[in-house]
Visitor: 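I'd like to ask you about the structure that follows.
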2 protein chains.
Amino acid sequence: MLSVSGIRTAALALVDRDGLEGLSMRRLAQELDVQAASLYSHYRTKEDLLADIANETMAEVDVSGFDTGDWRRGLTVWARSYRAALAAHPNLVPVIAAGPGRREAALRRADAVHGGLVAAGWPARHATMIGASTKYLVVGAAMNSFARGFDADVQVYRDRYPNLSQAHRLSEHAAEIDNDSFELALSAFLDGLDQTFAGLNPR
Amino acid sequence: MLSVSGIRTAALALVDRDGLEGLSMRRLAQELDVQAASLYSHYRTKEDLLADIANETMAEVDVSGFDTGDWRRGLTVWARSYRAALAAHPNLVPVIAAGPGRREAALRRADAVHGGLVAAGWPARHATMIGASTKYLVVGAAMNSFARGFDADVQVYRDRYPNLSQAHRLSEHAAEIDNDSFELALSAFLDGLDQTFAGLNPR
DNA sequence: TCAAAAACCGAACACCGTTAGGTAAACGTA
DNA sequence: TACGTTTACCTAACGGTGTTCGGTTTTTGA
């Protein structure tokens with residue numbers, strides 16, 4: 001018999017394997033040896049199903065780093081685990097990024113981040129903005145790896161765009177570049193925040 | 001009679017008005033007093049059409065700030081104009097973010113950014129990562145405004161999540177918060193890069 | 001054991017992107 | 001101006017999509 005969690009698992013597997021376009025209610029049903037209409041006994045709509053698997057994917061995100069009162073550590077742990085969760089299911093990134101953060105768990109995490117920053121000495125408004133900024137970084141980085149921008153045939157721009165002809169852009173190294181870029185962005189961002197923080201809490 | 005630019009304009013208007021899902025070949029054709037099949041005399045596919053309007057939207061992006069050799073200014077001008085271009089057509093952001101950067105103009109811009117950074121004294125590998133990082137920030141910020149995360153009914157979390165109960169989250173101020181967050185992220189990131197740069201080019 | 005509830009199915013609806021083939025209009029050339 | 005050719009457009013259809021309706025089957029719980 002079908003179960004919500006069984007459908008969820010199969011749907012996530014299908015998205016991971018065949019991409020977002022690869023997930024249709026009929027194909028998912030087929031995977032479960034069932035007719036498409038049966039799925040609607042468990043999910044009201046396809047969007048609901050997508051929101052659910054997006055939700056599950058986000059469960060790995062870790063906001064415990066704020067517990068010690070070290071905001072820099074809290075942000076780092078949060079951002080890295082956030083990015084890791086997205087990278088684990090790249091085909092799902094657009095759904096997660098587009099989905100409204102209305103879900104219970106998402107609100108709880110947002111609250112924890114905000115609270116952690118305020119507890120560490122940031123003004124509330126800054127806490128809001130820092131939370132948003134960090135999310136920008138994570139989501140932007142994940143979208144980029146989803147897009148797989150510069151692909152196979154480097155020949156196209158090898159000669160025409162001299163500045164891009166470095167090995168750096170070769171897609172074999174794309175994952176490494178992505179990771180290093182993210183770490184650079186995160187640490188530069190945090191370094192900049194350090195200065196701001198020092199300016200706000202002099203002495 | 002139909003024309004490529006006429007179709008492009010009508011499609012963009014339709015996306016702006018009704019969102020991405022609102023654009024179908026049949027509806028677009030109706031808007032132009034024509035049958036859907038006629039559109040295929042001018043565009044090989046719907047994806048081509050989307051890529052084209054995405055392309056047009058990105059034409060506003062300005063990489064001229066690198067001309068003076070001031071990398072910080074170059075990045076700032078680039079990032080702001082990039083973000084502005086995306087914000088002008090929020091419904092199109094997923095398309096632009098997902099679309100591979102295979103288009104001529106996109107490559108030219110990427111080359112200009114990379115070249116500008118290298119000319120200003122950054123090592124090639126850093127230039128690559130900084131370009132990517134900046135893009136993360138811009139795309140992440142744009143995706144966020146596309147998603148319109150925390151919406152209307154604040155009541156839901158008003159009492160339950162004390163840290164989020166600030167006026168900051170009210171959706172009337174969402175655009176302002178978005179903008180301030182982006183500017184904070186950008187300047188913190190650039191401040192952090194300043195330190196890195198000083199470490200690389202001592203004295 | 002048996003009624004009530006839940007799960008599943010077959011068929012259909014309205015929509016989608018796209019194509020094949022035919023007709024009408026616009027064009028270039030003699 | 002006349003005519004052949006190319007191009008633009010249309011009608012109709014194909015295979016796919018998400019979703020709903022009504023009926024049948026299975027599971028549940030008293």
Side-chain angles (χ1 to χ4, degrees), chain A residues 1-56 89 91-100 102-103 147, chain B residues 1-56 89 91-100 102-103 147:
Chain A
M1 205 176 87
L2 287 183
S3 74
V4 167
S5 79
I7 297 174
R8 196 200 295 128
T9 303
L12 187 51
L14 200 52
V15 169
D16 283 343
R17 174 152 59 82
D18 298 343
L20 253 188
E21 336 269 74
L23 174 69
S24 84
M25 297 306 265
R26 282 173 175 85
R27 301 228 283 206
L28 175 57
Q30 192 174 340
E31 208 86 6
L32 293 160
D33 281 314
V34 121
Q35 295 299 113
S38 306
L39 299 171
Y40 290 84
S41 299
H42 304 269
Y43 283 101
R44 216 172 48 75
T45 189
K46 186 188 181 183
E47 271 193 46
D48 276 17
L49 169 57
L50 280 172
D52 196 25
I53 68 183
N55 213 22
E56 191 193 21
H89 304 281
N91 296 333
L92 206 59
V93 170
V95 175
I96 298 176
R102 311 270 295 99
R103 298 166 308 245
Chain B
M1 207 176 85
L2 287 183
S3 73
V4 166
S5 79
I7 297 174
R8 196 199 296 127
T9 303
L12 188 50
L14 199 53
V15 169
D16 283 344
R17 174 153 58 81
D18 298 342
L20 254 187
E21 336 269 75
L23 174 68
S24 82
M25 298 305 266
R26 282 174 175 87
R27 301 229 283 207
L28 175 57
Q30 191 174 341
E31 208 85 6
L32 293 161
D33 280 314
V34 120
Q35 294 299 113
S38 306
L39 300 171
Y40 289 85
S41 299
H42 304 267
Y43 283 102
R44 215 173 47 76
T45 188
K46 186 188 179 182
E47 269 192 46
D48 277 16
L49 169 57
L50 279 173
D52 196 25
I53 67 182
N55 215 21
E56 191 193 21
H89 304 281
N91 295 334
L92 205 60
V93 170
V95 175
I96 298 175
R102 311 272 294 95
R103 299 166 308 247

Visitor: Less than 4.5 Å apart, side chain to side chain, heavy atoms only: is that true for L23(B) and N91(B)?
Guide: no
Visitor: Could you give the CG-to-C1' distance, from L20(B) to dC16(C), as a whole number of Å?
Guide: 15 Å
Visitor: Grab the NZ-P distance between K46(A) and dT20(D) for me, whole Å please.
Guide: 14 Å
Visitor: Let me know the distance between CE of M25(A) and P of dG15(D), rounded to the nearest Å.
Guide: 23 Å
Visitor: Taking side-chain contact (heavy atoms from CB on, under 4.5 Å) as the criterion, tell me which of I53(B), L50(B), V15(B) meets it with V95(B).
Guide: L50(B)
Visitor: Let me know the distance between OH of Y43(A) and P of dC8(C), rounded to the nearest Å.
Guide: 13 Å
Visitor: Please name the pair of heavy atoms, one in V4(A) and one in Y43(A), separated by the smallest distance, quoted to 0.1 Å.
Guide: CG1-OH, 3.1 Å
Visitor: Looking only at N and O atoms, is any donor in the side chain of R26(A) or the base of dG16(D) less than 3.5 Å from an acceptor on the other one?
Guide: no
Visitor: Considering non-hydrogen atoms only, spot the tightest contact between L49(B) and R8(B) and give its length.
Guide: CD1-CA, 4.4 Å
Visitor: Minimum heavy-atom separation for I96(B) and A54(B), please, with both atom names.
Guide: CG1-CB, 3.7 Å
Visitor: Could you pull out the closest heavy-atom pair between R27(B) and D18(B), with the gap in Å?
Guide: NH2-OD2, 4.4 Å
Visitor: Once you round it to whole Å, what is the distance between P of dG18(D) and CZ of R27(A)?
Guide: 10 Å
Visitor: Quick one: is dA6(C) close enough that its OP1 or OP2 comes under 4.0 Å of any side-chain N or O from H42(A)?
Guide: no
Visitor: Would you mind telling me which residue lines up with the more 5' stretch of DNA chain D, R44(A) or S24(A), judged by nearest nucleotide?
Guide: S24(A)
Visitor: Less than 4.0 angstrom between a side-chain N/O of T45(A) and OP1 or OP2 of dT19(D), yes or no?
Guide: yes
Visitor: How long is the line joining CE of M1(A) and P of dA7(C), in whole Å?
Guide: 6 Å
Visitor: Using heavy atoms and a sub-4.0 Å distance, could you list which residues of residues 28-40 of chain A are near DNA chain C? By number, please.
Guide: V34(A), Q35(A), A37(A), S38(A)
